Amino acid sequence: QVQLVESGGGSVQAGGSLTLSCTALGFTSSSCSMGWFRHVSGEAREGVAAIEADGSTIYADSVKGRFTISKDSSGNSIFLQMNSLKPEDSAMYYCAIGTTIATIFGLFDTCGMDLLGGGTPVTISS
């Protein structure tokens, strides 16, 4: 069974850090774009960061310089290191592989997959 397993969300004070992890189980995602988007109820989802199959990264302007996306050598796990967190970073964060994240960031993706994680909550207090 193919699934994405996310972890690392939580609550911290402004200025703090969190690291989100996402592992793809059941398939090899090395040829797919992978990344994170976030969603606040009542608002449109926002792409946060993506990493392409070749390791290229792209970030939302709102997180540039604060967040870092990376993946492990297998290509099946990605990580989002979030530093200098702000209250406006509070949201449900979703890991995505394939079509959804490629569409959000306008990437060319040929892996033929479209997987979403169940989300992990991030709450930043001021």
Side-chain angles (χ1 to χ4, degrees):
Q1 181 179 356
V2 178
Q3 65 179 98
L4 299 182
V5 178
E6 300 156 321
S7 62
S11 300
V12 297
Q13 290 190 322
S17 299
L18 286 171
T19 301
L20 306 184
S21 300
C22 174
T23 297
L25 302 178
F27 82 110
T28 299
S29 58
S30 60
S31 64
C32 298
S33 299
M34 306 172 72
W36 300 87
F37 66 91
R38 61 191 182 188
H39 183 240
V40 175
S41 181
E43 299 181 9
R45 69 186 181 187
E46 178 188 17
V48 176
I51 185 165
E52 297 186 78
D54 67 359
S56 301
T57 57
I58 185 169
Y59 296 93
D61 287 342
S62 59
V63 306
K64 282 180 182 176
R66 300 188 298 121
F67 291 11
T68 303
I69 189 170
S70 61
K71 61 181 178 180
D72 69 358
S73 58
S74 74
N76 277 15
S77 292
I78 59 170
F79 310 94
L80 186 68
Q81 175 66 44
M82 306 186 294
N83 298 327
S84 302
L85 284 160
K86 305 175 181 180
E88 51 264 43
D89 293 318
S90 297
M92 187 71 78
Y93 282 70
Y94 296 88
C95 175
I97 293 178
T99 304
T100 293
I101 201 67
T103 299
I104 289 172
F105 282 98
L107 304 175
F108 181 68
D109 184 277
T110 61
C111 79
M113 300 293 292
D114 191 15
L115 296 176
L116 302 180
T120 185
V122 171
T123 303
I124 312 303
S125 57
S126 57

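Predicted, not measured: the structure shown is a model, and the values here were computed from it.
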Minimum heavy-atom separation for I78 and W36, please, with both atom names.
CD1-NE1, 3.5 Å

Nearest heavy-atom approach of A14 to S126 is CB-CA, 4.3 Å

Do L107 and I51 belong together in a cluster built from hydrophobic side chains that touch within less than 4.5 Å?
no

Electrostatic pair D89-K86, nearest N-O below 4.0 angstrom
no

Does any donor atom in the side chain of E46 or S62 lie under 3.5 Å from an acceptor atom in the other side chain?
yes

With no hydrogens and no angle check, just 3.5 Å: does a side-chain donor-acceptor pair link Q81 and T19?
yes

Smallest separation among heavy atoms of A49 and L80, with atom names:
CB-CD1, 4.0 Å

Please check this pair: side chain of K64 against backbone of I58, looking for a donor-acceptor N/O pair closer than 3.5 Å.
no

Side-chain (E6) to main-chain (L20) donor-acceptor, under 3.5 angstrom
no

Can you give me the closest heavy-atom contact between G26 and V2, atom names plus distance?
O-CG2, 4.0 Å

Looking only at heavy atoms, the pair that brings G117 and L4 closest together is N-CD1, 3.6 Å

Identify the two heavy atoms, one from V40 and one from A91, that lie closest to each other, and give their separation to 0.1 Å.
CG2-CB, 3.6 Å

Calculate, to the nearest 0.5 Å, the distance between atoms CD1 and OG belonging to I101 and S33 respectively.
8.5 Å

Just one of Y93, F105, Y94 clears the ring pair (Phe, Tyr, Trp, His ring centres under 6.0 Å) bar with F37, so which one?
Y94

